[in-house]
J.: 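Mind looking over this structure? Questions follow.
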Amino acid sequence: MPELPEVETSRRGIAPVVEGQTITSVVCRVARLRLPLPADLSSRLSGRKILKLDRRAKYLLFRLDIGTLLIHLGMSGHLRIVSAGTPCDRHDHVDIHLGNDTVIRFHDPRKFGLVALIGDAAEEHPLLCHLGPEPLIREFNGQSLFQRSRGRKIAVKSFIMDQQIVVGVGNIYASEALFRAGIHPLRAAGRIAATRYQLLAESIKDVLSEAIDAGGTTLRDFFDSSARPGYFRNNLLVYGCGGQPCRTCGCALKSIRIAQRATVYCAYCQH
DNA sequence: ATGCGGACCTGTTAGC
DNA sequence: TGCTAACAGGTCCGCA
């Protein structure tokens with residue numbers, strides 16, 4: 001669920017409700033997610049004001065008057081805004097109560113998510129400081145991808161999923177972007193020409209932007225309690241389509257595993 | 001330094 | 001129908 005577009009959609013949905021609000025209390029129902037939850041989270045957060053909600057990679061950054069509350073949704077997490085008093089479900093691990101009688105509720109069955117309170121210089125925190133560029137900014141482009149790829153033998157799919165190279169390209173969008181760019185996912189990153197990286201960078205930007213726009217559609221029913229599959233699902237050209245005909249050439253799409261991740265591509269269109 | 005495999009968890013689905 | 005195995009959209013760590 002939480003690819004970068006979903007995290008951005010969450011941010012856009014939640015920001016108007018929480019910005020400017022004061023945290024009144026925090027309830028944690030588990031001791032740890034990916035990392036242990038700070039034991040004193042409630043006492044440290046109570047009375048603090050949420051100034052702004054930002055996103056960096058797939059992390060949500062709640063900018064407070066005393067530092068930053070960092071939330072990562074992992075593989076299975078989501079945030080919902082609910083009214084105070086809404087009964088909680090299984091896997092509703094953390095409730096952040098706000099002054100306006102609403103609650104930010106963190107739900108994560110697989111517990112791969114993360115909640116941490118970090119200091120003011122959030123970007124220098126160990127969890128964030130090694131992250132590569134955001135995919136949608138100008139500084140991320142074919143030229144920078146090309147330069148960083150020289151000498152690398154890693155499969156290009158793993159290369160673009162490396163958060164030090166570029167953030168936010170998850171397993172789904174890696175396959176989608178490579179299909180759009182006509183690049184074989186197993187090709188060694190260091191053996192791809194600059195012009196093709198140009199195309200790849202554009203494909204990454206396009207597919208993520210389109211997915212964010214589609215997430216905007218989900219925004220309308222964002223406060224629904226039902227977790228429905230992302231709207232962008234209908235726009236996927238290869239992911240989850242193994243065995244089906246390629247939209248371009250009609251040949252059956254191939255399913256393989258790269259670094260233990262499901263990968264789909266067209267052996268005819270991608271080189 | 002690079003690249004790979006395993007680990008962290010639970011839920012759902014495919015297959016027998 | 002019921003059981004088991006495989007798999008799931010992320011990230012970090014340790015080893016070769």
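Below, chain A is the first sequence line, B the second, and so on; all start at residue 1. No hydrogens, no waters, no symmetry mates; every other heavy atom, side chains included, goes into these values.
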J.: State, yes or no, whether a side-chain contact exists between A:Asn235 and A:Glu176 at a heavy-atom distance under 4.5 Å.
T.: no
J.: Report, one pair per line, the protein and nucleotides 11-13 of chain B atoms (nitrogen or oxygen only) whose separation is under 3.5 Å.
T.:
| unit_1 | atom_1 | unit_2 | atom_2 | d |
| --- | --- | --- | --- | --- |
| B:dG11 | OP1 | A:Arg90 | NE | 3.0 |
| B:dG11 | OP1 | A:Arg90 | NH2 | 2.6 |
| B:dG11 | OP1 | A:His91 | NE2 | 2.4 |
| B:dG11 | OP2 | A:Arg90 | NH2 | 3.0 |

J.: Tell me, which of residues 150-159 of chain A have any heavy atom that sits under 4.0 Å from an atom in DNA chain C?
T.: none
J.: Over 60° means perpendicular and under 30° means parallel, so tell me whether A:His91 and A:His107 are parallel, tilted or perpendicular.
T.: perpendicular
J.: Figure out the CZ/P separation between A:Arg257 and B:dC4, and round it to whole Å.
T.: 15 Å
J.: Answer yes or no: does atom CZ of A:Arg150 have more than 12 heavy-atom neighbours from other residues, nucleotides or ligands under 6.0 Å?
T.: yes
J.: I'd like the P distance from C:dG9 over to B:dA14, given in whole Å.
T.: 15 Å
J.: Please determine if a side-chain N or O atom of A:Tyr239 lies less than 4.0 Å away from the OP1 or OP2 oxygen of C:dG9.
T.: yes
J.: Whole-Å distance between C:dT11 C1' and A:Glu3 CD?
T.: 13 Å
J.: Please state whether the phosphate of B:dC8, meaning OP1 or OP2, lies under 4.0 angstrom from any side-chain nitrogen or oxygen of A:Lys111.
T.: no
J.: Rounding to a whole Å, what distance do you find between A:Leu60:CG and C:dT11:C1'?
T.: 16 Å
J.: If we only count heavy atoms from C-beta on, is the A:Ile96 to A:Val18 side-chain gap below 4.5 Å?
T.: no
J.: For the atom pair CZ (A:Arg187) and OH (A:Tyr265), what is the distance rounded to the nearest 0.5 Å?
T.: 12.5 Å
J.: Looking at C:dA8, C:dC12, C:dG10, which one has an atom nearest to any side-chain atom of A:Leu127?
T.: C:dC12
J.: Can you list the steps and then say if A:Phe62 with A:Ile23 is a side chain to side chain contact (heavy atoms under 4.5 Å, CB included)?
T.: CA-CA 11 Å; A:Phe62 293 76; A:Ile23 298 171; over 6 Å; no
J.: Pairs of donor and acceptor atoms involving the side chains of residues 117-131 of chain A, under 3.5 Å and at least two apart or interchain, shall be tabulated with distances.
T.:
| unit_1 | atom_1 | unit_2 | atom_2 | d |
| --- | --- | --- | --- | --- |
| A:Glu123 | OE2 | A:Arg63 | NH2 | 2.9 |
| A:His125 | ND1 | A:Leu127 | N | 3.0 |

J.: Under 5.5 Å between ring centres and under 30° between planes: true for A:Phe112 and the base of B:dC8?
T.: yes
J.: Grab the CG-P distance between A:Leu70 and C:dT11 for me, whole Å please.
T.: 12 Å
J.: Donor-acceptor pairs under 3.5 angstrom involving side-chain atoms of residues 252-263 of chain A: please list them, not counting sequence neighbours.
T.:
| unit_1 | atom_1 | unit_2 | atom_2 | d |
| --- | --- | --- | --- | --- |
| A:Arg257 | NH2 | A:Gln260 | O | 2.7 |
| A:Thr263 | OG1 | A:Lys157 | NZ | 2.9 |
| A:Thr263 | OG1 | A:Arg261 | O | 3.0 |

J.: Which dot-bracket string fits DNA chain C when only Watson-Crick or G-U wobble pairs with both atom distances under 3.5 Å count, crossing pairs get [ ], and | stands for a partner on a different strand?
T.: .|||||||.|||||||
J.: Determine the interatomic distance between P on C:dA8 and the same-named atom on B:dG5; round to the nearest Å.
T.: 15 Å
J.: If I take atom NE2 in residue A:His72 and atom C1' in nucleotide C:dG10, what distance separates them, rounded to the nearest angstrom?
T.: 6 Å
J.: Could you grab the distance from atom CD1 of A:Ile66 to atom CG of A:Leu45, nearest 0.5 Å is fine?
T.: 6.0 Å
J.: So if you build clusters from Ile, Leu, Val, Met, Phe, Trp, Tyr with side-chain heavy-atom gaps below 4.5 Å, do A:Leu69 and A:Leu73 land together?
T.: yes
J.: Nearest whole Å is fine: how far is C:dG9 P from A:His107 NE2?
T.: 18 Å
J.: Hey, is the side chain of A:Gln163 poking within less than 4.0 Å of OP1 or OP2 on C:dC12, counting only N and O atoms?
T.: yes
J.: When the C1' atoms of C:dC7 and B:dG6 are compared, how many Å lie between them, rounded to an integer?
T.: 16 Å
J.: Does A:Arg191, at its CZ atom, have more than 12 non-hydrogen atoms belonging to other residues, nucleotides or ligands within less than 6.0 Å?
T.: no
J.: Among Ile, Leu, Val, Met, Phe, Trp and Tyr joined by side-chain contacts under 4.5 Å, find the other residues sharing a cluster with A:Val103 and list them by chain and number.
T.: A:Val82
J.: Would you kindly give the CD-to-C1' distance between A:Gln164 and B:dA1, to the nearest whole Å?
T.: 11 Å
J.: Kindly point out which of C:dG9, B:dC8, C:dC12 is positioned nearest to the side chain of A:Arg261?
T.: C:dG9
J.: Let me know the distance between CE of A:Met75 and C1' of B:dC9, rounded to the nearest Å.
T.: 11 Å
